[in-house]
Amino acid sequence: MLNVLTTLFPAEEFTLLALVLGMPLLGAIVNGLFGQRLGKQAVKTMALSAMGIAFLGAALTFLVLDREASHHPGHHVKLSWQAWQWMHASGTRDTTIPIELKFSVDALSGVMMLVITGVGFLIHLYASAYMEKDPAYWRFFAYLNLFVFSMLVLVLGDNLPVLFVGWEGVGLCSYLLIGFWYQHAPNAQAGKKAFIANRVGDFGLLVAMFLLVQYTGALDWNGIEAGSGSLVNQADQMQVHLWPIGGGQFQGFLSFLQPKNPLMITGATAVGLMLFLGCTGKSAQIPLYVWLPDAMAGPTPVSALIHAATMVTAGIYLVCRLSFVFVLSPFTMAVIACTGAATALFAATIALVQNDLKKVLAYSTVSQLGYMFLGVGVGAFTAGFFHVLTHAFFKACLFLGAGSVIHAMHARIHDDVKSQDMRYMGGLRKYMPYTFWTFGAATLAIIGFPLTSGFFSKDEILFKAFVNHPVNAAAAHMPAKAAAQLWQQPTWLGPVVWGMGLAAAVLTAFYMSRAFIMTFFGEFKGWTIGKAPAGAHDHHQDAHAHGDDDGDHHHEEDLKTPGPAPHESPWQMTVPLMVLATLSLAGGFLNPGLFASFFKDGKPPMEHWLEPVFEEAEKAIQVLPNAEAAHHKEYPLTFAAFAAFAVGSFVAYQFYIAKKGAPAKDMAEKAPGLYKLLLDKWRVDELYDAVIWNGTDALADTAVSVDQSFIDAIIARLTALVVAALGTVLRVFQNGVVHVYAGAMALGIVVIGWFVVVPRADVVVSHSASNADYVLDAAPGMGYGYRWTPEAGGKPQDEKFSPASTQLKLHLDADKTQVVKLEVQNAFGLTATKEITVKGPVTEKPEKPEKLGQVDLPSVNVGKN
Amino acid sequence: MLLAFALSPLLVVAIGALLLMLAEAFSKVRTGLALGTVVVFFAGLALSASVWLYGLESIPGLEVLAPWLIIDRFSMFMNAVLCLGGGLAALLAGGYLPEHKIERGEFYSLLLFATLGAMMLSASGDFLTLFIGLETMSIGAYAMTAFRRTSARSAEGALKYFLLGSFAAAIMLYGFALLYGATGHTDLAGVGAGVKSGEHAPMVLIAMVLVLAGLVFKVSAVPFHMWTPDAYEGAPTPATTFMAVAVKSGAFAMLLRVMLTCFGDARSMSWSSGWPPVLAWIAVLTMTVANLIAGRQESVKRMLAYSSIAHAGYLLVGVVATMKNPAQGSASVLFYLLTYTVSTAGAFGALILCGRFGAEAVSYEDLAGIGRRHPAAALPFSLFLISLAGFPPTAGFFGKWFVFRAAMEGGFTWLTIIAFLNSVLGAYYYLRVLVFMYMREPAAGAPIATPMRSGYVNFALILSAFLVVVLGVSPSLSLDVAVKAAAAFGGGAG
């Protein structure tokens, strides 16, 4: 079987990728163009089969890849397929950079591809039931398929431009799906916010591409790697000058701006920071994370697929993909690690007090993404990427579980906001057993219960954060003195980010346990806030026709009467939950760093698998103080991680089960300011409003007032007045009298005749730079004769005017000037005279030899014919 | 046989015109005349294209026709542009004449004959055929201007046009006679050789002035333009369209051919005493005066007349650029003629579409609010005006772009700047139409323009809109064609 595949699809022409990419695209096109007419069943079949076939293709690709890898151990095996030559970009030094529409799959993108198609399929299946009653069913699946296609383009692209197409594509789909219920203004707003925040990051990615073209002369992965040497070139002209911008000097009254030493960074740092700016947008890190919580306005399957499992991990994928670029700059690595740690902690604090179930999960996603960046930032690429994988399992499971809960709640209380509010839930364990168990399994994984997937991946990140130390690899190739001046990370940085990560782990354990307890334990509080329409038991009737509620159900809000109980979701929704829950629990054994010694070579499967990808990058990562000592720290550090889990979840148990939430209320009352601040998400949105929005508004207002008071009021009116006045004057001549018209023509002929009859003497002086010879050319003219007087006042060369003598040659010594006279006689016997001062070569100022012929003519007359 | 093929665009128009005249005389049925004319024009267009594709190099015996008719890529390009302009005018006439109750068959024959004259004009290599072509074109145009017999304005415009046109023709003929006297030739190439020799310079110079005056009259450049607004306004709109696109294109073809062949030597093209500086100043005057007056018009039709004068100014900038690079300059003129033809024909067509019998849309006020009431008429109108104003991505933008580029590369920076500033002025009165269409409502009690319905006009608008967009989005193909057509003048400058 595999033999057949490898024969059919050789590594260099791996067209199977076309199938993997093509199926979701086909689904998107069919559903997008014809979906409305096809009906729900057909749309569902199209979307699901597209995803199913893509997953099968991905699985086959993975098998082939695995086989190739086992044949070439230690090699970075890649299967690639070039669709066509896309364009040529011009690089520096007259090179052209071919940009191909090329896709490739290696160990890293292979895993991503499996996750996207696999989890994607499960979520499509889930959505086929969840969105059942939505009138725009077809549109939803068209977008969802298009998203999967774009995401696959992103991970399979073999160069940055192709990746960028996917990158923008997922951004577009994210925008479309967040605003899926666009009839509701806040949803449309949220979509817009996501798009704009992402655009800020995209700017960084674009700049990074330009820099890479400049430095490495390539945009494909192999080419960038081959040319990455010039990124660390320390020569002044090879660095990026930040201040003064682009190099140069401030002079005159600006000289106070000139620093003693120009502020420069290496190309590697510039590229790394710009790429990372792109990542902070897409992967919701400080400072661009603000869009992700709002993105929960989209349907829940979208939150699960795009805003938890796949798209938001694109940033981590990019860092892993270009790990060999990032490690060239320890400064960039430090920025990534610190940003990741800060985001992990910051988002976790907000999640502590949120009451909206999806908001808690959203902030937890931001926080977990922070962990991943913390991992890759300290050079633990495998660990960071492993967390992408496990997070895809448990967070997708959590979101889908939340969707199942909301589905049930909404069927009961018909209120978009309240059906997501955990304060109205509770006790759902009884009514929704599958959802309860699967949600519980995923919660255990995310809070790091021992031996679950989250435990292994988070533990690995924290351990590596403590011991890893990215160093500047360039130092090894430099003289000791120069090397000492390179920036290196301080050794305390690792333990500090480890501490932040650990604190975030405690908070994670707390808020996730809190969410789990509030949702599934205790008494169901939804009894008292509404009821289903009397006698109707068809919950599905309006389950998700959000916005249709007003039209269909004018039911009285009777807050006291108990309605029907919440119910479990259909199989299309529970099966994906069970699959994902199983993966959440068991997925950790793909890479249990703790038990590394049980595996061959001491490397767990995932690490073994990804080793060739990160081989280059990991050379720049030192382990402190040494490998042996670090190994001994592993168990104590694991215990710390376990303790974090235990403390967090125990406190949550105490607060919300043992004491029924009383301590939480107490604390909120004791520190109302802090509580309010957390509930308002540290008011970061308000800060951005105040700074960026108001700043932009102020700038726009200034521009408007200048426009109105100066440009419109003075310039526009004045010119309009002048033009109108001139037009009115000219109209007078257009009086309709034919004599005037003929007179104007006659006048025109006379003027042209005058121009032709009057002679004009013009001279063009040309000069060869090598010697002091000058050639004076007289302008030609019909019937012209010429007479030259080389030295004005002297004798003319010839008494007669001659049509042939159009040229005069002169030799002038240095610093001499000579006045030459030209007389012209035209066909009508009229003459004209011109005197030209010709200056000889100037010895003192040799830099201005062109300005020799001082000819007072309009410039258009120079150098014609 | 191949010779007939090479001449087929001319032949089909000539034979078509004769047949239509017979049909009009002997048949009682009047309905098919417009359609027949359109078919003839598009057959001429298609034949020009096929001759072009077949390749004139592979047709032997063309020299038999020289110098009376010079069948080269230049004349083939002009055939296509003229047939396109004539075809669009015929389409408009097919809608306009019946609507305004002035449908008489001779209009179509006149249209075809006038176009034939223009085609001859662009192909002729001898003063005799040139003059015959010119008069065939002009007389047709005079008659079409006077076509609305009951209207005083129509008659007045036609009479002025005829008087001044005869005056200009006489002046030009006098110039031809002087050239014949000076050189002993009536064929353009022979005259060019004689002029280059530099003999009889005073006679040649005076002849140049006279010929130039006649030529710029035909392209309606300032100060030889004053007949234009009156004739354009008085004529039925399809005739105006024809004059604005086909007559002007034919005149520019003649201008290029005569000036570059007869006066293409270094002395005639000298900046100090040749024709390029004359044309440069005429261009400046034309653009500025026309744009300034156009801004003050109340009638959209008259505004479009002045706009066509202004465009003659831009085209003259391209002609001036031939001084440095004859091929590039004339290529830019040819391409501009193409873009100008589709935009102007479209604009007049949209104006026709906006009016009805007894309620013809003429003034800005007539168009108030039509954007809301009849978006299908206002939208193409906006497109054509935007193209005339030269906004990307429309045909007009690239037309201006190539002319201005040719002028810049020829070193005429100051001329380009003046032309550019003038196109800013132009934007004012073009956009003013949009303001009235979309942002004003008609005054209370004022007559409201209601669009007419006509498949002919609709088709003309769709075709021109298509071309405006295509030429604006991917101009390279037609620009290539224009460059090849202009290659005839590659070695024009001595």
Side-chain angles (χ1 to χ4, degrees), chain A residues 719-720 722-763 778-785 803 806 824 826-829 832 834 857-865, chain B residues 156 159-160 163-164 167-168 171 195 198 200-206 208-210 212-213 216-217 221-227 229-230 263 265-275 277-278 281-282 288-289 291-297 323-324 410-415 425 428 493-494:
Chain A
T719 47
V722 170
V723 167
L726 283 174
T728 312
V729 170
L730 286 169
R731 269 181 89 177
V732 172
F733 296 99
Q734 189 77 37
N735 57 1
V737 180
V738 79
H739 319 138
V740 177
Y741 294 7
M745 281 173 67
L747 190 69
I749 296 173
V750 169
V751 173
I752 301 174
W754 170 80
F755 179 83
V756 171
V757 168
V758 175
R760 263 159 295 266
D762 281 347
V763 174
M782 175 70 65
Y784 276 17
T806 58
V824 173
N826 76 352
F828 303 97
K834 177 103 193 165
L857 298 171
S859 59
V860 283
N861 287 355
V862 177
K864 66 174 184 299
N865 285 346
Chain B
E156 183 195 337
L159 193 63
K160 281 179 186 166
L163 278 175
L164 297 173
F167 183 29
I171 289 171
V195 168
H200 305 290
M203 216 160 157
V204 168
L205 277 174
I206 290 171
M208 184 174 86
V209 173
L210 298 177
L212 203 56
V216 292
F217 173 87
V222 176
F224 305 91
H225 70 292
M226 299 186 94
W227 56 275
D230 294 353
F263 302 102
D265 59 314
R267 280 187 289 214
S268 303
M269 290 177 103
S270 158
W271 188 256
S272 49
S273 63
W275 56 267
V278 175
W281 284 109
I282 289 179
T288 314
V289 170
N291 278 320
L292 285 174
I293 303 184
R296 301 296 303 158
Q297 297 305 315
M323 176 181 154
K324 283 288 148 62
F412 302 101
T413 314
W414 62 278
L415 189 57
L425 279 183
Y428 163 71

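Residue numbers start from 1 in every chain, and the chains themselves are labelled A, B, ... in the order their sequence lines are given, proteins ahead of strands.
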Where does B:Leu415 contact chain A at under 4.5 Å (heavy atoms): side chain, backbone, both or neither?
neither
Please report the closest heavy-atom contact between A:Pro780 and B:Ala266, naming both atoms and the distance.
CG-O, 3.9 Å
So, taking the atom named CH2 in B:Trp275 and the one named CD1 in A:Ile752, what distance separates them when rounded to the nearest 0.5 Å?
13.0 Å
Would you mind checking which part of B:His200 comes under 4.5 Å of any heavy atom in chain A, side chain (CB onward), backbone (N, CA, C, O), both or neither?
neither
Taking all atoms of both residues into account, what is the closest heavy-atom pair of A:Tyr741 and B:Trp227, and its distance?
CD2-N, 3.9 Å
Distance check, rounded to the nearest 0.5 Å: B:Asp230 atom CG versus A:Gln734 atom CD?
5.5 Å
Proximal component of B:Leu159, with respect to chain A [non-hydrogen, under 4.5 Å]
neither
Scanning both residues in full, the closest heavy-atom pair of B:Met226 with A:Phe733 reads CE-O, 3.2 Å
Option among B:Leu292, B:Val289, B:Ile293 that satisfies the side-chain contact (heavy atoms from CB on, under 4.5 Å) test with A:Leu726
B:Leu292
Report which part of A:Tyr784 has an atom under 4.5 Å of a heavy atom belonging to chain B: side chain, backbone, both, or neither.
side chain
For A:Thr728, check side-chain hydrogen bond (donor to acceptor under 3.5 Å, both in side chains) against everything at least two apart and list the hits.
B:Arg296
Measure distances from B:Tyr428 to the heavy atoms of chain A and classify the residue's part below 4.5 Å as side chain, backbone, both or neither.
neither
Looking at B:Ser273 and A:Gly781, what are the two nearest heavy atoms and their distance?
OG-CA, 3.2 Å
Any idea which of A:Val756, A:Val824, A:Val751, A:Val758 has the most non-hydrogen atom pairs under 4.5 angstrom with chain B?
A:Val756
Bottom line for B:Ala168: the part with an atom under 4.5 Å from chain A's heavy atoms is both
Which atom names give the shortest non-hydrogen contact between B:Ser272 and A:Ala779, and what distance separates them?
OG-CB, 3.6 Å
Closest non-hydrogen atom pair between A:Phe755 and B:Trp271, with its separation:
CZ-O, 4.3 Å
Would you mind checking which part of B:Val195 comes under 4.5 Å of any heavy atom in chain A, side chain (CB onward), backbone (N, CA, C, O), both or neither?
both
